[in-house]
Visitor: 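If you scroll down you'll find the structure; I have some questions about it.
Residue numbers start from 1 in every chain, and the chains themselves are labelled A, B, ... in the order their sequence lines are given, proteins ahead of strands. The figures that follow rest on heavy atoms only: side chains count, while hydrogens, waters and symmetry mates do not.
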Protein chains: 2
Amino acid sequence: MKLLETLNWRYAVKKYNTETVSTDKVDKITAAINLTATSTGIQPFRIVVVSDKELQKKLGEGSFNSQIAEASHLLVFAAFDNVTQERIGSFIKNTAKVREIPEEALEEYKNLLETYLLNRTEEENFSWASKQAYIGLGTALIAAAELEVDTTPMEGFDNAKFDELLNLKQKGLKSVVILSLGYRDAENDVFSKMKKARMPIDEFVIS
Amino acid sequence: MKLLETLNWRYAVKKYNTETVSTDKVDKITAAINLTATSTGIQPFRIVVVSDKELQKKLGEGSFNSQIAEASHLLVFAAFDNVTQERIGSFIKNTAKVREIPEEALEEYKNLLETYLLNRTEEENFSWASKQAYIGLGTALIAAAELEVDTTPMEGFDNAKFDELLNLKQKGLKSVVILSLGYRDAENDVFSKMKKARMPIDEFVIS
């Protein structure tokens, strides 16, 4: 299967060269993320694409991840800080539009979602939304690798600073994980030569 | 890009036919999950493969997801209930073995992981481990679809019952999300004909 090759090709790049990832490729990666399955289908996260070098520098200040400043692009996965009635309504509206059906046809589903999601705490909904974003991260890693674009998934960043500099609070979002895009500087990246270390499959899988 | 086609092909199957997914295909799917990136590389989750119909029936009792009982296979994503010194040690040992280097060469990384992970609460580590499992779910959805195996990702199941029937507690694991595998019964699955509803890309992506 081609996917296994693709997954073996990728690794978490530490050092990028200065080559820029084309807009066409970035668009394909975000299109793939947008097609990712999420619980209930509500897609409770958004992707912020950053390629402004000044902004990247600010975002990366003080981080041990030099990739934040140095990569061609940063994809910031930002999850809904909560799930509101308005967001459920907007999701139902969009679904009805895409499927060319009246919104009323989705009334039952809307009620189910409201009962399920609005009775949870803000913290529970944010945690749940974050997990959905991680499914999208799984897609993004594969999409980029298929296009031979290198990546680094990162949790070690200053969430508060990201939220502030990207105006996420005003959008009801909070940064949860980031993925840098670019091209490996294989010569100067010690990690590029390391063998991928994974669990033996018979320990990873339990029957 | 082939991946976009693959992602468009898949949907959350409600009704499966009785065809069994081959062991070869299940093995490829779990191999792909095992190659998924995780934070720090520790892979803080395991996959339980269930295909015993009696067990599936028990697991699915009382659930609105008939797929639990009816699918060919169930993949249960089970996250570490906590991160312990032993688990970090085992990860370091395996990494050294795969890379054919002495464990001492990873001493600094081991110390870093211990400082980072052992100072968090059990709850924080479980939540973090769960998120890593969701990256693997993203991979699994794509791996299955590439093999034209249908799937249903599900959160709506009885976690406590799964943990008990699969003896997860003894293994230091807790079920977080499941993915059924099988083949769609297109004739009898009303969802098979529905247009995939996703956010307009210019609303999903924020520049």
Side-chain angles (χ1 to χ4, degrees), chain A residues 1-4 7-8 10 12 27-28 30-37 39 41 43 46-50 78 94-95 98-100 127-128 130-143 146-147 153 155 166 171 173 176-177 194-201 203-207, chain B residues 1-4 7-8 10 12 27-28 30-37 39 41 43 46-50 78 94-95 97-100 127-128 130-143 146-147 153 155 166 171 176-177 194-201 203-207:
Chain A
M1 179 165 58
K2 179 69 166 55
L3 178 62
L4 297 178
L7 287 165
N8 271 309
R10 68 152 300 282
D27 288 350
K28 279 179 178 146
T30 54
I33 305 169
N34 192 33
L35 285 169
T36 301
S39 177
Q43 300 183 268
R46 296 291 176 262
I47 304 293
V48 188
V49 179
V50 182
N94 183 58
T95 304
V98 172
R99 294 198 173 143
E100 299 174 352
S127 165
W128 170 80
S130 301
K131 287 174 189 164
Q132 310 310 314
Y134 275 74
I135 312 177
L137 176 61
T139 302
L141 287 160
I142 292 169
E146 273 208 15
L147 296 165
E155 290 181 333
L166 302 174
K171 294 167 183 139
L173 299 169
V176 290
V177 66
M194 282 184 193
K195 198 168 168 189
K196 190 180 286 296
R198 288 293 186 273
M199 291 294 299
I201 192 73
E203 289 179 41
F204 181 66
V205 174
I206 304 170
S207 285
Chain B
M1 179 164 59
K2 179 70 165 55
L3 178 62
L4 297 178
L7 287 165
N8 271 309
R10 69 152 298 284
D27 288 349
K28 280 181 176 144
T30 53
I33 305 170
N34 192 33
L35 285 169
T36 302
S39 178
Q43 301 184 267
R46 296 291 176 261
I47 303 294
V48 188
V49 179
V50 182
N94 183 58
T95 303
K97 192 178 161 192
V98 172
R99 294 199 173 142
E100 298 172 354
S127 165
W128 171 79
S130 301
K131 286 175 190 164
Q132 311 309 314
Y134 275 74
I135 311 176
L137 176 61
T139 301
L141 287 161
I142 291 168
E146 274 208 12
L147 297 165
E155 291 180 334
L166 302 174
K171 295 168 181 138
V176 291
V177 66
M194 281 185 192
K195 199 169 168 189
K196 191 181 286 295
R198 289 294 186 271
M199 290 294 298
I201 192 73
E203 289 178 41
F204 182 66
V205 175
I206 303 170
S207 287

Visitor: Please confirm whether the backbone N or O of B/M1 pairs with a side-chain atom of A/E146, one donor and one acceptor, at under 3.5 Å?
Guide: no
Visitor: Using heavy-atom distances under 4.5 Å, tell me whether B/I33 contacts chain A through its side chain, its backbone, both, or neither.
Guide: both
Visitor: Can you sort out the partners of B/T95 under side-chain hydrogen bond (donor to acceptor under 3.5 Å, both in side chains), two or more places apart, ordered by chain and number?
Guide: none
Visitor: With respect to chain A, which residue among B/Q132, B/K2, B/K97 yields the maximal number of heavy-atom pairs within a distance under 4.5 Å?
Guide: B/Q132
Visitor: Heavy atoms, side chains only, cut-off 4.5 Å: are A/L173 and B/I206 in contact?
Guide: yes
Visitor: Go through the atoms of A/N34 and report whether side chain, backbone, both or neither lie under 4.5 Å from a heavy atom of chain B.
Guide: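 For A/N34, heavy atoms of backbone and side chain both lie under 4.5 Å from chain B.
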Visitor: Examine whether an atom of B/A31 lies under 4.5 Å from a heavy atom of chain A, and if so say whether it belongs to the side chain, the backbone or both; otherwise answer neither.
Guide: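 Both parts, backbone and side chain.
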Visitor: When you compare the side chain of A/V98 with that of B/R198, does any pair of heavy atoms fall below 4.5 Å?
Guide: no
Visitor: Could you tell me which portion of B/E100 (side chain, backbone, both or neither) has an atom closer than 4.5 angstrom to a non-hydrogen atom of chain A?
Guide: neither
Visitor: As an exercise, state the distance from OH of A/Y134 to OG1 of B/T36, rounded to the nearest 0.5 Å.
Guide: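 Reported value, rounded in 0.5 Å steps: 14.0 Å.
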Visitor: Quick check for you: among A/M194, A/Q43, A/E203, which has the greatest number of heavy-atom pairs under 4.5 Å with chain B?
Guide: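 The residue among A/M194, A/Q43, A/E203 with the greatest pair count is A/Q43.
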Visitor: Once rounded to the nearest 0.5 Å, what's the spacing between atom CG of A/L35 and atom CG of B/L141?
Guide: 12.0 Å
Visitor: Compare every heavy atom of B/T139 with every heavy atom of A/L3, then report the nearest pair and how far apart it is.
Guide: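 Residues A/L3 and B/T139, closest heavy atoms: CD2-O, 4.4 Å.
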Visitor: Under 4.5 Å heavy-atom distance to chain A, tell me which part of B/V48 shows up: side chain, backbone, both or neither.
Guide: both
Visitor: For B/K171, is it the side chain, the backbone, both, or neither that has a heavy atom closer than 4.5 Å to a heavy atom of chain A?
Guide: side chain
Visitor: Check each atom of A/A37 against the heavy atoms of chain B and say whether the ones under 4.5 Å are side chain, backbone, both or neither.
Guide: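 For A/A37, backbone and side chain are both near chain B.
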Visitor: Who among B/L137, B/V50, B/T30 has the most heavy-atom pairs with chain A under 4.5 Å?
Guide: B/T30
Visitor: For the candidates A/M199, A/K28, A/K195, which exhibits the highest count of non-hydrogen atom pairs separated by less than 4.5 Å from chain B?
Guide: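 Option with the top pair count is A/M199.
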Visitor: Using non-hydrogen atoms and a 4.5 Å limit, figure out which bit of B/I201 sits close to chain A: side chain, backbone, both or neither.
Guide: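 The answer is both parts of B/I201.
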Visitor: So, for B/R99 and A/A197, which heavy atoms are closest and what is the spacing to 0.1 Å?
Guide: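 Closest approach of B/R99 to A/A197, heavy atoms only: NH2-N, 4.2 Å.
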Visitor: With sequence neighbours excluded, what pairs up with B/D27 under the side chain to side chain contact (heavy atoms under 4.5 Å, CB included) test?
Guide: B/T23
